Amino acid sequence: MKSNIITSREVKRGYFRMEFEFAGEALPGQFIMLKVAEHNDPLLRRPMSIAGLDGGVMSVIFKVVGRGTALLAEKKAGDHIDVLGPFGSAFTPPKTDAVLLVAGGIGVAPLLFWAKRNPSRRAAAFIGGATENDILCSDEFSEAHVATENGSVGRKGLVTAPLIEHAAYKNKTGYILACGPTGMLKAIDQLAVKDGLRGELSLEERMGCGFGVCLGCVCDTTGGRKRMCVEGPVFKTGEVLWRT
Amino acid sequence: MKSNIITSREVKRGYFRMEFEFAGEALPGQFIMLKVAEHNDPLLRRPMSIAGLDGGVMSVIFKVVGRGTALLAEKKAGDHIDVLGPFGSAFTPPKTDAVLLVAGGIGVAPLLFWAKRNPSRRAAAFIGGATENDILCSDEFSEAHVATENGSVGRKGLVTAPLIEHAAYKNKTGYILACGPTGMLKAIDQLAVKDGLRGELSLEERMGCGFGVCLGCVCDTTGGRKRMCVEGPVFKTGEVLWRT
Amino acid sequence: MADLKVRIGALELKNPIISASGTFGYGLEFADMMDIKKIGAFCTKGLSLKSRAGNQMPRICETPCGMINSIGLENVGIDAFEAEKLPKIRQAGATVIANFFGDTEADYVEAARRLAAMDGVHALEMNVSCPNVDKGGIEFGGDPVFLEKLTAAVKKVCPGKPLIVKLSPNVADIRPFAAAVENGGGDAISAINTLKGMSIDVKTRRPKIKRVFGGLSGPAIKPVALKMVYECVKTVEIPVIGIGGIGSLDDALEFLIAGASAVQVGTMNFVEPAICQRLAEELNAYCDRENIARVTDIISTLRTD
Amino acid sequence: MADLKVRIGALELKNPIISASGTFGYGLEFADMMDIKKIGAFCTKGLSLKSRAGNQMPRICETPCGMINSIGLENVGIDAFEAEKLPKIRQAGATVIANFFGDTEADYVEAARRLAAMDGVHALEMNVSCPNVDKGGIEFGGDPVFLEKLTAAVKKVCPGKPLIVKLSPNVADIRPFAAAVENGGGDAISAINTLKGMSIDVKTRRPKIKRVFGGLSGPAIKPVALKMVYECVKTVEIPVIGIGGIGSLDDALEFLIAGASAVQVGTMNFVEPAICQRLAEELNAYCDRENIARVTDIISTLRTD
Ligand SMILES: Cc1cc2nc3c(=O)[nH]c(=O)nc-3n(C[C@H](O)[C@H](O)[C@H](O)COP(=O)(O)OP(=O)(O)OC[C@H]3O[C@@H](n4cnc5c(N)ncnc54)[C@H](O)[C@@H]3O)c2cc1C
Ligand SMILES: Cc1cc2nc3c(=O)[nH]c(=O)nc-3n(C[C@H](O)[C@H](O)[C@H](O)COP(=O)(O)OP(=O)(O)OC[C@H]3O[C@@H](n4cnc5c(N)ncnc54)[C@H](O)[C@@H]3O)c2cc1C
Ligand SMILES: Cc1cc2nc3c(=O)[nH]c(=O)nc-3n(C[C@H](O)[C@H](O)[C@H](O)COP(=O)(O)O)c2cc1C
Ligand SMILES: Cc1cc2nc3c(=O)[nH]c(=O)nc-3n(C[C@H](O)[C@H](O)[C@H](O)COP(=O)(O)O)c2cc1C
Ligand code: FES
Ligand code: FES
């Protein structure tokens, strides 16, 4: 589907936020597949978490890491973008639990969407990144705890430090929703299992199609081999059999 | 060389005129090789005749015929374009002859450059095309005779009709410079040889490199196999051994 | 409305646009995105007697105008296909070509026998780009003598349904393989499967594909595919289905002009899920525009004079 | 300033970036656009004893991320090369690898003997992707037994200069061919030459290349080339020069990491004439940035654990 881009701007160095028209529905945790150019080099679509959908306007937040995202960053208001989706599983925290949103870098995107859709729920966000430049959207959460590896903003260290100190974590009433680099997700998964908290993780993998047919995005889980783009990207804590 | 695009506009339906900065010298008849996109699909540069060069500003006039020229047409003032050249041979009419400029469609481009560079020379332009939409720049020549195949502007028929009626043709004092479709060039070549006029033809061929190394653009001449991009694109009448 | 029908052996397809094995799942995944009745047929993901988990990750990566995959023939297995997928596919009204493979000749024969017996499977496509366990890992499709024997053995158990044999391009000369399929009694040839390729992540100095080598597909391989399809067409009388890098009507026409009776679209399904339906519609519009009454009038019209 | 020197047999190159045969003319065409002394070496257009006019036009066309050529080995001939080109090349200070071919074994031997005797020719590269007149048109590079014999015969007449044998990718398995070169006494292997491909102009229904088939090159073939280079590296001890689709530093590094001792850039010279010089500079900057003292420390560092 060709969508009209409404705005696109660099929110931090190398990070862009783009808004475009979108006529359908979507759930927090789901993603879309974007065609970054009309030609075939690069060929494949790029998966992006949905960072917001309101009044027919969808937003994504992305980091420029390679050619595809660089091409995406060149797009301007008024340009068109080819959007496919939404695809994948959504976050489904139990209705009454306090929610602990744990974001690593660009992983904040789907958590922001969840927070926007659930303004009345008790939720605390834990937002980590390498430096101040990698902390995105922390002011858009009602409660946000920031950690950077170099200490340039918030606490110095990993985002797991403020997380495990939070009351809802310590008393095990918190339900975790996490998205970020694989290493972070694995660490949170192991913590949650050890400490007896439940939660969900949104994983990342190279995707060929995004809708379950190329079988390029599988991961092994306690329930067998799953496709990250259909059965995921959101999996329950304790479910993923980590590769390394 | 990356050049700044100064203007680009659609002068007729499907025909564009683009101006960009160019820091070198060039001669009428020569061409440049343009990279139409930064990616590799399409891969090769596209040859374009130089339609003007004045005060550090070069212009080209092109017709959208495929993907490369379509991408070129998308470029706007302020964008960059990667230019290589100039390459190839130039028009070299004897200093005193009256010049008969014969253009078919987009073939007008190098002839316009010649006319601009030689304002004080006696020259008559013969500009042909399928329809009125295919007649370009006829008002930029001091003397112009227009012919269209459907008669929508100028004389109905081929451009060779007004040409052979011109005094400088009939009295054999005219020196022909022609650029256009291969069929037209071949017809003019045969006419000129038969009627005893001299002249030069600017040929077209798919080009891989534009500077003589791929050997993809050769043609047979009375002087042996020649590269159109180095020994051409301008050849003398009577020199080309036409393929068909 | 031009006549777009083409024949693959005894099977008549409503149009020559087929989606390729491994790029169209079991068809059902596309139900929301297109009308799978509108295309000539679709090929299932390669099926084997038992389900398979496939290779380790990562198993895809992108290359210039293409991609490499090393899925390793992950599939649900023939039983689950019959029980869980086929009834729904039948209900959707799709024409189904069951792609299949085995580790041994006996596997191939048994898989073909099972699939041929299924109502709703309209043709079989035999993938011979798999290592032959009995012959020490050489591909089934790597030896014409063996390929002819395999084709004959498989054809015996599926007399009622067209047997298409899908050739590997990783050979010095595809012509003897095409001839072997014809001599073995195969009803059609499809070509090509993926080219072997490799890609390295310069930062980590690791292969981008866990198993190092994988299969290259997409627009990049189109010229190689077209050349091999043309060679097959010149070698055999049976229909040839062209595959490799097709992403536009012009691409499909190139293969038809070269002599393919139908085409398959693979990788480009990932980029544009409804592409096969679009190409079928565009082909119809093209025929109307060009006053071509039957799509078969396009086939083998290459002018080389 | 990192040490970029690499060895191809007895020849030391100042860096591993070489421009490929048929894409760099006789070097002189690039004199205005780059400094041809700054690159490791350049390979001449394929030379034969007598000059050749090559194939009929059209003989190039574009394909997705690539191109097809069917130049047909047009060249000025060895005499004119020696008389008209070599003196100027020598003056320009370039390192020259003379690419050559023949119709018969005797042609090959005589061409090599002539070229090896020339001052200013630093190494020979033997193109074996040519039809063998004596053997009824089969490519010299299509039979390992014959390739070994040819290599041995040619090596005998150029003992003082490295003999590089350039392999064709149009084979089922490149490893026996790599072994044949090593066994025949070749000093190095270069791989790959172009893949066979075809393209059709849908409007005219004619092949885009007059001779129907041509050689596919450019980024599209990079994954196939890398896989074959890696296989050669695993098969032989002699250096392997990687060729195929290289257009960026990362592309060059992929081949070095896979085990190539040097790389050649072909088609991308057309798009960016100074690309080889740029890659040599970028390689130096990369080594400095990554604290790599010698470029040879990159070679064969693929991690497959
Ligand atoms: C479900 C899902 C949701 C995502 N959401 C977001 C998002 O909201 N914002 C965002 O910035 N990014 C997101 N990503 C990651 C994003 O898709 C990749 O960064 C993007 O595809 C890279 O494209 P490229 O062409 O710029 O990089 P490439 O040139 O393709 O690759 C550059 C580097 O990134 C790595 N890479 C490429 N694709 C992926 C991938 N899918 N996952 C992990 N690493 C990859 C490559 O291995 C390489 O090292 C998401 C990925 C998935 C699977
Ligand atoms: C020396 C020279 C000067 C030229 N000057 C001009 C000019 O001033 N203005 C202009 O509009 N065009 C000019 N051309 C033609 C122009 O280069 C082609 O139209 C352009 O390359 C087509 O690119 P494309 O990607 O749009 O088309 P493609 O998709 O590549 O091809 C579309 C159609 O055009 C044909 N074609 C492609 N390249 C050429 C070519 N070089 N010559 C003839 N036919 C071709 C193809 O066979 C095909 O039928 C010139 C060509 C040459 C060789
Ligand atoms: C991810 C992927 C999986 C594939 N799986 C199969 C398969 O199971 N069986 C098969 O015969 N071919 C398989 N193929 C090959 C395709 O059917 C097709 O032959 C090939 O991709 C070339 O076509 P394309 O360039 O249009 O993709 C697969 C291709 C891809 C990209
Ligand atoms: C136009 C053209 C002409 C070529 N001529 C020769 C040649 O004369 N001898 C040869 O060995 N290889 C020749 N090649 C092959 C290249 O040297 C190289 O092996 C091939 O193009 C793959 O590299 P690339 O993808 O970087 O172009 C030619 C390639 C092209 C594109
Ligand atoms: S991305 Fe294709 S199956 Fe998940
Ligand atoms: S275009 Fe390459 S030699 Fe003329």
Side-chain angles (χ1 to χ4, degrees), chain C residues 61 63-68 139 142-143 168-173 195-208 210-216 218-231 245 247 249-258 286 298 301-305, chain D residues 61 63-68 139 142-143 168-173 195-208 210-216 218-231 245 247 249-258 286 298 301-305:
Chain C
C61 75
T63 67
C65 284
M67 65 176 283
I68 299 177
E139 281 183 14
D143 173 356
S168 163
N170 301 295
V171 297
D173 183 353
L195 279 167
K196 283 199 193 121
M198 169 179 176
S199 188
I200 293 173
D201 184 325
V202 167
K203 285 206 198 76
T204 60
R205 298 205 182 165
R206 289 184 187 282
K208 285 198 182 169
K210 180 73 186 173
R211 306 245 310 193
V212 189
F213 299 157
L216 180 66
I221 71 167
K222 195 183 64 171
V224 175
L226 189 65
K227 182 244 177 193
M228 291 191 171
V229 166
Y230 183 66
E231 287 185 315
L249 177 66
D250 274 2
D251 294 340
L253 289 172
E254 279 193 79
F255 282 89
L256 296 176
I257 292 168
Y286 169 84
I298 301 174
T301 53
L302 186 70
R303 298 169 58 186
T304 51
D305 48 300
Chain D
C61 75
T63 68
C65 284
M67 64 177 283
I68 299 178
E139 281 183 13
D143 173 355
S168 162
N170 301 296
V171 296
D173 183 352
L195 279 166
K196 283 199 193 120
M198 170 179 174
S199 188
I200 293 174
D201 184 325
V202 167
K203 283 206 200 79
T204 62
R205 299 207 181 163
R206 290 185 185 279
K208 285 198 183 170
K210 181 73 185 172
R211 306 247 310 195
V212 188
F213 300 157
L216 180 66
I221 71 167
K222 196 183 64 172
V224 175
L226 188 65
K227 181 243 177 192
M228 290 192 172
V229 166
Y230 183 65
E231 287 185 316
L249 178 66
D250 275 3
D251 294 340
L253 289 171
E254 278 192 79
F255 282 89
L256 296 176
I257 292 167
Y286 169 83
I298 301 173
T301 54
L302 185 70
R303 298 169 58 187
T304 51
D305 50 298

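Keep in mind it's a predicted model, so treat the numbers as computed, not measured. Chain letters run A, B, ... following the sequence lines, proteins first and then strands; every chain starts at 1. All values below come from the heavy atoms of this structure, side chains included, with hydrogens, waters and symmetry mates left out.
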Q: Given a strict heavy-atom distance threshold of 4.5 Å, which part of C/V212 is in contact with chain D: side chain, backbone, both, or neither?
A: side chain
Q: Nearest 0.5 Å please: distance from the CZ atom of C/R303 over to the CG atom of D/D201.
A: 10.5 Å
Q: Could you tell me which portion of C/A258 (side chain, backbone, both or neither) has an atom closer than 4.5 angstrom to a non-hydrogen atom of chain D?
A: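 Its backbone and side chain both get close to chain D.
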Q: Sort C/L302 into side chain, backbone, both or neither according to what part of it lies under 4.5 angstrom from a heavy atom of chain D.
A: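 Both parts, backbone and side chain.
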Q: For D/K227, what residues pass the salt bridge (charged side-chain N to carboxylate O under 4.0 Å, His left out) criterion, not counting sequence neighbours?
A: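 Counting only residues at least two positions away or on another chain, D/K227 forms a salt bridge (charged side-chain N to carboxylate O under 4.0 Å, His left out) with D/E231.
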Q: Looking at side-chain heavy atoms only, is the closest gap between C/L253 and D/R205 below 4.5 Å?
A: no
Q: Check each atom of C/K210 against the heavy atoms of chain D and say whether the ones under 4.5 Å are side chain, backbone, both or neither.
A: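 For C/K210, the side chain is the part near chain D, not the backbone.
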Q: Specify which of D/T304, D/V224, D/I257, D/T301 makes the most heavy-atom pairs with chain C at under 4.5 Å.
A: D/I257
Q: Less than 4.5 Å to any heavy atom of chain D: does that hold for the side chain of C/L256, its backbone, both, or neither?
A: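 Neither part; nothing is under 4.5 Å.
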Q: Which bit of C/D250 is near chain D, if near means a heavy-atom gap under 4.5 Å: side chain, backbone, both or neither?
A: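 Both parts, heavy atoms under 4.5 Å.
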Q: Give, for atom CG of C/L216 and atom NZ of D/K222, the distance between the pair rounded to the nearest 0.5 Å.
A: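 Taking CG in C/L216 and NZ in D/K222, the distance rounds to 11.0 Å.
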Q: With a 4.5 angstrom heavy-atom cut-off, is it the side chain or the backbone of C/F255 that approaches chain D, or both, or neither?
A: neither
Q: Where does C/L226 contact chain D at under 4.5 Å (heavy atoms): side chain, backbone, both or neither?
A: both
Q: Kindly give the heavy-atom pair with the smallest separation between D/C65 and C/C65, and that separation in Å.
A: SG-SG, 2.7 Å
Q: Please state whether the side chain, the backbone, both or neither of D/T204 comes within less than 4.5 Å of a heavy atom of chain C.
A: backbone
Q: Please look at C/D251 and chain D and tell me whether the side chain, the backbone, both or neither of the residue comes under 4.5 angstrom of a heavy atom of that chain.
A: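 Interface part for C/D251: neither.
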Q: Quick check for you: among C/P223, C/P219, C/P207, which has the greatest number of heavy-atom pairs under 4.5 Å with chain D?
A: C/P223
Q: Which region of D/I298, side chain (C-beta onward) or backbone (N, CA, C, O), has a non-hydrogen atom less than 4.5 Å from a non-hydrogen atom of chain C, or is it both or neither?
A: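 Answer is both: backbone and side chain atoms of D/I298 are under 4.5 Å from chain C.
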